[in-house]
Student: 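Okay, handing you the structure first.
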There are 2 protein chains.
Amino acid sequence: MVRARSEERRAEILRAALEVIAERGYRGATLGSVAERVGLTQQGLLHYFPTKEALLVAVLQERDRWDTSGGRDRENWRLDLLESLVEYNAMRPGIVQTFSALLGESVTDEHPAREFFTERYGQVRSSMADVLRLEFGERLPSGLTPERAAPLLTAVLDGLQYQWLLDPSAVDMPDAFRDFLRLLRGDDSRP
Amino acid sequence: MVRARSEERRAEILRAALEVIAERGYRGATLGSVAERVGLTQQGLLHYFPTKEALLVAVLQERDRWDTSGGRDRENWRLDLLESLVEYNAMRPGIVQTFSALLGESVTDEHPAREFFTERYGQVRSSMADVLRLEFGERLPSGLTPERAAPLLTAVLDGLQYQWLLDPSAVDMPDAFRDFLRLLRGDDSRP
DNA sequence: ACCCACTTACCTGTAGATCGGTAGGTGACG
DNA sequence: CGTCACCTACCGATCTACAGGTAAGTGGGT
């Protein structure tokens, strides 16, 4: 019973941490503000996560678990699933903001999330290549190999997120992503 | 003479600030560490820039001045100039890191650079649309209008930078960008 | 049913740093 | 003599983290 309550608390804390990181980034986030959001003192929070970095690691791990659960294994993705993922993200600015902020911070030296993102982007590119191979075979209509198109696909996803976060009214993220897919498919029908 | 020395100092400080922001982001950067790098005390630095935010603003303004100087006016860009810009960036990880870190941070609430980037991306998209129109006219080979392709072009530039910063050995930024241009051109020659 | 040893889930208090910024100099130079 | 370019000396606010306490369980033996 206590155990269950504890797990529940941890989940609450992680959700609060996600919010605070979205609002202020990891460096700008404080243990106190996360604690406050779940009705704890800062020291009470440290009972669950011994250091600030441990909390960040838990947030990243949860993201990984979420990403790779519920038939969302990256092996099984297809292009149209990616399309709906983008649509889904467009309805969840909070999550997108959290991880865009973390990605941005992580390129600075010795950032605790740097290794996580480095490794993760390697995996993402290779998943994207798989997706593309599944869809197009060894050559896309443009002549590109899946391995060469994968970084572009990944870049578009991230880059659109930043533009959309800065000004949601200026960029329709799902539409823009569909435009990119049209590019990949070599489809020249007029939108 | 004193005036000249002062301007010189300001330039040194801005360069140091650029470095420190690249290493730790804006929030992680401290006035003390910037000051140390130019051989000043933190309070000595505040003589030139009255607040930390003023220093950031100056850094961003300098970036703007640099961007739009020396025939680099965004009006005059062409696609092959963009290509060499990417090559140029690939030799300057420091600068790229500074502005990628700032862009990432800027999506958080009330970040002092948020407005700057929001406005700037609006301008960038419109410049990119101009470049594309100059190159392709009203329709790209894919059928996209310049306005719809511009966010994608912008996204690819930024997204590739993040991947490259995280793992320079994993992504050849100039090559990948050329791949994207091939996509835009609808060129299906095998690379 | 009850006591006891132990754990869990917090809290108060605070050490120890650091940070941005203010106030008020001082010396060199024009 | 006045202004510029700094410096020393602080201040108040945070922030992370550690120490140590306490109240409320939890489980086993009797």
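The chains referred to below are lettered A, B, ... by the order of the sequence lines, with proteins before strands, and numbering in each begins at 1. Fair warning: this is a prediction, and the values are worked out from it, not measured in the lab. Side chains included, hydrogens not; waters and symmetry mates left out as well; all remaining heavy atoms used.
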Student: Start with the C-alpha distance between B/R133 and B/T145, add both sets of side-chain angles, then the distance that settles side chain to side chain donor-acceptor pair (under 3.5 Å), and finish with yes or no.
Tutor: CA-CA 8 Å; B/R133 183 168 289 107; B/T145 62; over 6 Å; no
Student: Would you indicate, yes or no, if D/dC4 has its OP1 or OP2 atom less than 4.0 angstrom from a side-chain nitrogen or oxygen of B/R9?
Tutor: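 No, B/R9 has no side-chain N/O under 4.0 Å of OP1/OP2 on D/dC4.
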Student: With the threshold set at 4.0 Å, does a side-chain nitrogen-carboxylate oxygen contact exist between A/E105 and B/R24?
Tutor: no
Student: Which side chain to side chain donor-acceptor pair (under 3.5 Å) pairs, counting each pair once, include a residue from residues 33-56 of chain B, with sequence neighbours left out?
Tutor: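 The answer is B/E19-B/R37, B/E23-B/R37.
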Student: Rounded to the nearest angstrom, tell me the gap between atom CG in B/L45 and atom P in D/dT8.
Tutor: 15 Å
Student: Is any NZ, NE, NH1 or NH2 atom of the basic residue among A/R15 and A/E12 found under 4.0 Å from an Asp or Glu carboxylate oxygen of the other?
Tutor: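 A salt bridge is absent here (no side-chain N lies under 4.0 Å from a carboxylate O).
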Student: side-chain contact (heavy atoms from CB on, under 4.5 Å) with B/E62: which residues, sequence neighbours excluded?
Tutor: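 B/E62: side-chain contact (heavy atoms from CB on, under 4.5 Å) contacts with B/L14, B/R65.
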Student: Please work out whether the ring planes of A/Y88 and A/W66 are parallel, tilted or perpendicular, with thresholds of 30° and 60°.
Tutor: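 A/Y88 and A/W66: parallel rings.
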Student: Please say whether more than 12 non-hydrogen atoms of neighbouring residues, nucleotides or ligands are located less than 6.0 Å from CD in B/E87.
Tutor: yes
Student: Does anything in residues 20-40 of chain B reach DNA chain C, meaning a heavy atom under 4.0 Å, and if so which residues?
Tutor: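 When residues 20-40 of chain B is checked for heavy atoms under 4.0 Å from DNA chain C, the hits, listed by number, are B/A29, B/T30, B/L31.
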Student: Would you check, one step at a time, whether the test side-chain contact (heavy atoms from CB on, under 4.5 Å) holds for B/D80 with B/L181?
Tutor: CA-CA 9 Å; B/D80 54 338; B/L181 291 185; over 6 Å; no
Student: Just do the side chain to side chain donor-acceptor pair (under 3.5 Å) check on A/R185 and B/S142 with the steps written out, would you?
Tutor: CA-CA 9 Å; A/R185 295 192 171 110; B/S142 59; over 6 Å; no
Student: What are the residues of residues 46-61 of chain B, sorted by number, that bring a heavy atom to within less than 4.0 Å of DNA chain D?
Tutor: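 Within residues 46-61 of chain B, the residues near DNA chain D are B/H47, B/Y48.
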Student: I'd like a table of atom pairs between the protein and nucleotides 9-11 of chain D - only N or O on both sides, under 3.5 Å - with the distance next to each one.
Tutor:
residue, atom, partner, partner atom, Å
D/dA9, N6, B/Q43, NE2, 2.8
D/dC10, N4, B/Q43, NE2, 3.3

Student: Using distance only, find each side-chain donor-acceptor pair of residues 155-162 of chain A under 3.5 Å and give its atom names and separation, not counting sequence neighbours.
Tutor:
residue, atom, partner, partner atom, Å
A/D158, OD1, A/Y121, OH, 3.2
A/D158, OD2, A/Y121, OH, 2.7
A/Y162, OH, A/S100, O, 2.6

